[in-house]
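Structure first, then comments.
Not measured: the values here are computed from a predicted model. One-based numbering along the sequence shown.
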Amino acid sequence: MINSLKRDIAVLMIPVIAAGGLYFAEPAMAGEVETESIIGQDIMNSVKEVMSVNAMGLDEEVETQSFSEKNRKGDPNDPDFGKQWYHNMIHDKEAWKKSTGKGVTVAVIDNGFDVDHPDIAANVKGTYDATGNNDMSPVSGKYAYQGTHAAGVIGAVKDNGIGGCGVAPDSSLYLIKVGDNTDTDSLVRALKKCVEIKANVVNIGVGDYKDSAELKAAVEDAVDNGCVIVSTAGDTYSRNVVYPAAYEDVISVGASSYNDFLGCVFSAYGDGVDIAAPGGAGEDYIHGIYSLNEDGGYTAKYGTALASPMVAGAAALVIGSDKKLMNDHSKKTVEAVRKRILDNEMKVSYFCTLDDTDNAIEGGLDCEGAVKNKVIKRKYFGSRVFRIHAGIYDEQQTVSIGRGKSMNLSLIDTEGNQVSKKDSKGAYTLNTSANGITISNTGRLKVKKNVEVGTKFSVTAQYDGDTFTKNFCVSDPVTKIGVNDGGKIKSSVNVTVSAGTVIKADAPWTIIGEKIYKYSGKSSSENAVKVNYRNGFGDIKLKTSKDQYICYYWVSGVPYQFVAKKGKKYTLTYTSQDGSNKKFKVKIACK
């Protein structure tokens, strides 16, 4: 998991239980460790380990991903839609073909709202201040954004030419303020209002309420009257799910990361969490959840309180796709919607901690699957990343290429698919004064044998208005790759694992318990370099059964993690990165 976390965590969010509810401390950067007074020692140990992982990369030149904000074919005309990478991860665009939530009333219970925000105003059908102060305005301070942000995630207007859009962009929003002091009486009044207005869906963004008979009765009454209740599981970094999400009739939502199948290190996890949805991992749009701000603008934030409205939006899409569900305000409808969301989720484990035990959230939100009432097998779901692809370890600042070798550079589109050669024709530009290095219009990079080792150059690609650059350095070509067995390099290894073992395809040394080396000399002792996270393989191919669920790396689309099944066999093939095409195979049998 360490290797996965290196890719995943740019900043570390530390959970804090404040008087006004469950909120965040400032993101802790590597080296900032003044946190022991707020969190327990066990968590602190994990926090320090994550910080250590982050610190390892601070002194290295690491290329940041080229994140494309540009809208693509089939996207809404909202100019910031490209910043909302989570639409691709939860597949709501595909669900919109059948439902956009039109006619569905979604009650948004949160700390306060910018009711007149231009990106939700058209969808706001009513308001109610459950605190009794007749004031819907956002709470003051750091978390003023939250209610407006959550409302935007659910129902920001689509195709209005401003901002982004919501998961259920045509749903009717009923905004209910409960403040930020987790007052049970306010939440009970809010839930009674949901029954009164016949809300189809209820999203509760403020957590950490006290369990009480009154609150439980209010939840049960709302459910009996057809309200599908969705709530944040909490930013507890533990198995402790906050109330009201802890109640059986409430769909509790944990947070998954902005890439792949990782849970967020701040999220609650375990059996008490029903489903994961993107919760972000920072306060920039590349990592965070981009939505509405309380001042009429936009912002990117993170937290389970921002994952919950995605599931609420999905519930609105499901109800909007079925008139029977929309018109039947009974517990039967609630159970049917819950079943459609949870039974048709992406069947994957999101690991939220530094170990690979049971500290995970099972299942990820799939709006298309829920609306179609069908499990849709997905090999990959990705963020809006666009870049030149030169192997799985694309985040390296400089990629090596061997003298006398060549490699095909490809462009990866926003869905993680390779752009065709026809589309990329004329896109590449070679930036070097060195002789003997060429690149074709379709991205075929060649280095002649007489080019001096250490020569550095770069390649620039332009596609659909975006520009991307990859740096290269000429090296001696790889002649061998594998494990050293008594001075002999073995290019193939057999290993047996037990059922349920998490196989990290991008870190084969964790499977075989051996260090893997690549060589540029003729003997096993000459110019040996250990293959690791920063100088790895050019590509990874996995041969397995068709029913195997595989996690694919968010940039290059190659496999990086899966769970071994009893009686199955797998073959992982690793190719050297420098164009030499030397291969190393790991053959796995699961008993």
Side-chain angles (χ1 to χ4, degrees), residues 15-25 38 105-115 124 126-151 153-154 173-197 199 201-225 227-236 240-253 266 268 272 294 301 303-309 312:
V16 179
I17 299 179
L22 189 64
Y23 294 130
F24 296 108
I38 342 177
T105 298
V106 182
V108 187
I109 299 176
D110 221 302
N111 54 17
F113 305 89
D114 177 3
V115 175
V124 175
T127 63
Y128 174 64
D129 182 6
T131 69
N133 295 319
N134 195 29
D135 177 15
M136 290 299 297
S137 62
V139 298
S140 60
K142 183 175 178 178
Y143 298 96
Y145 72 89
Q146 185 172 293
T148 314
H149 197 286
V153 170
I154 296 170
L173 303 176
Y174 201 101
L175 309 182
I176 302 178
K177 180 177 179 177
V178 291
D180 63 351
N181 61 0
T182 59
D183 174 55
T184 300
D185 291 340
S186 294
L187 183 55
V188 168
R189 287 192 290 270
L191 288 167
K192 288 182 178 180
K193 188 67 175 181
C194 293
V195 174
E196 178 186 324
I197 65 172
V201 182
V202 178
N203 182 77
I204 304 175
V206 180
D208 202 32
Y209 287 88
K210 290 183 179 179
D211 180 20
S212 69
E214 293 79 10
L215 180 56
K216 185 176 182 181
V219 168
E220 291 176 347
D221 185 54
V223 170
D224 288 342
N225 281 275
C227 297
V228 179
I229 303 178
V230 182
S231 185
T232 165
D235 305 323
T236 63
N240 298 323
V241 175
V242 300
Y243 286 95
Y247 291 128
E248 184 178 355
D249 290 331
V250 178
I251 299 177
S252 59
V253 184
F266 55 78
E294 82 282 0
K301 298 291 182 179
T304 53
L306 310 183
S308 175

Heavy-atom closest contact ([X] atom, [Y] atom, distance):
| X | Y | answer |
| --- | --- | --- |
| Leu306 | Val153 | O-CG1, 4.3 Å |
| Ser252 | Ala245 | CB-O, 3.5 Å |
| Gly205 | Ala305 | O-CB, 3.5 Å |
| Ile197 | Tyr174 | CD1-CG, 3.3 Å |
| Ser186 | Thr131 | OG-CA, 3.9 Å |
| Ile154 | Ala312 | CD1-CB, 4.2 Å |

I want to check something: taking the side chain as every heavy atom from C-beta on, are [X] and [Y] in contact at a cut-off of under 4.5 Å?
| X | Y | result |
| --- | --- | --- |
| Thr236 | Asp208 | no |
| Thr148 | Asp110 | no |
| Ile229 | Pro244 | no |
| Val253 | Thr304 | no |
| Ser212 | Lys210 | no |
| Phe113 | Val115 | yes |
| Thr182 | Val206 | yes |
| Tyr247 | Glu220 | no |

Report task. Show your working on side chain to side chain contact (heavy atoms under 4.5 Å, CB included) between Tyr209 and Val178 and close with a plain yes or no. Result -> CA-CA 12 Å; Tyr209 287 88; Val178 291; 3.5 Å; yes
Query raised in the report: Can you name the side-chain contact (heavy atoms from CB on, under 4.5 Å) partners of Ala107, sequence neighbours left out?
Result: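 side-chain contact (heavy atoms from CB on, under 4.5 Å) check on Ala107 returns Ile176, Cys194, Ala199, Val202.
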Query raised in the report: Considering residues at least two apart in sequence or located in another chain, which fulfil the side-chain contact (heavy atoms from CB on, under 4.5 Å) criterion with Ser137?
Result: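 Once residues adjacent in sequence are excluded, the partners of Ser137 under the side-chain contact (heavy atoms from CB on, under 4.5 Å) criterion are Asp135, Lys177.
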Requested in this report: Please assess Leu191 against Asp221 for the test side chain to side chain contact (heavy atoms under 4.5 Å, CB included), listing each intermediate value before the final yes or no.
Outcome: CA-CA 9 Å; Leu191 288 167; Asp221 185 54; over 6 Å; no
Atom pair [atom1] ([X]) and [atom2] ([Y]), whose distance is rounded to the nearest 0.5 Å:
| X | Y | atom1 | atom2 | result |
| --- | --- | --- | --- | --- |
| Leu187 | Ile109 | CG | CD1 | 5.5 Å |
| His149 | Glu294 | NE2 | CD | 10.5 Å |
| Asp183 | Arg189 | CG | CZ | 6.5 Å |
| Thr127 | Lys193 | OG1 | NZ | 9.0 Å |
| Ser140 | Asn111 | OG | CG | 10.0 Å |

Report task. Assess the side chains of Ser308 and Thr232: does a donor N or O sit below 3.5 Å from an acceptor N or O? Result ->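 Ser308 vs Thr232: no donor-acceptor pair found between side chains.
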Report task. Kindly assign one of parallel, tilted or perpendicular to the pair Tyr143 and Tyr145, based on the angle between their ring planes and the thresholds 30° and 60°. Result ->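 Tilted.
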Requested in this report: Using the test salt bridge (Lys or Arg N to Asp or Glu O under 4.0 Å), find all partners of Glu248 that sit at least two apart in sequence or belong to another chain.
Outcome: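 In terms of salt bridge (Lys or Arg N to Asp or Glu O under 4.0 Å), with neighbours along the sequence ignored, Glu248 is linked to no residue.
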Query - Asn133 CG: over 12 foreign heavy atoms closer than 6.0 Å - result: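 Yes.
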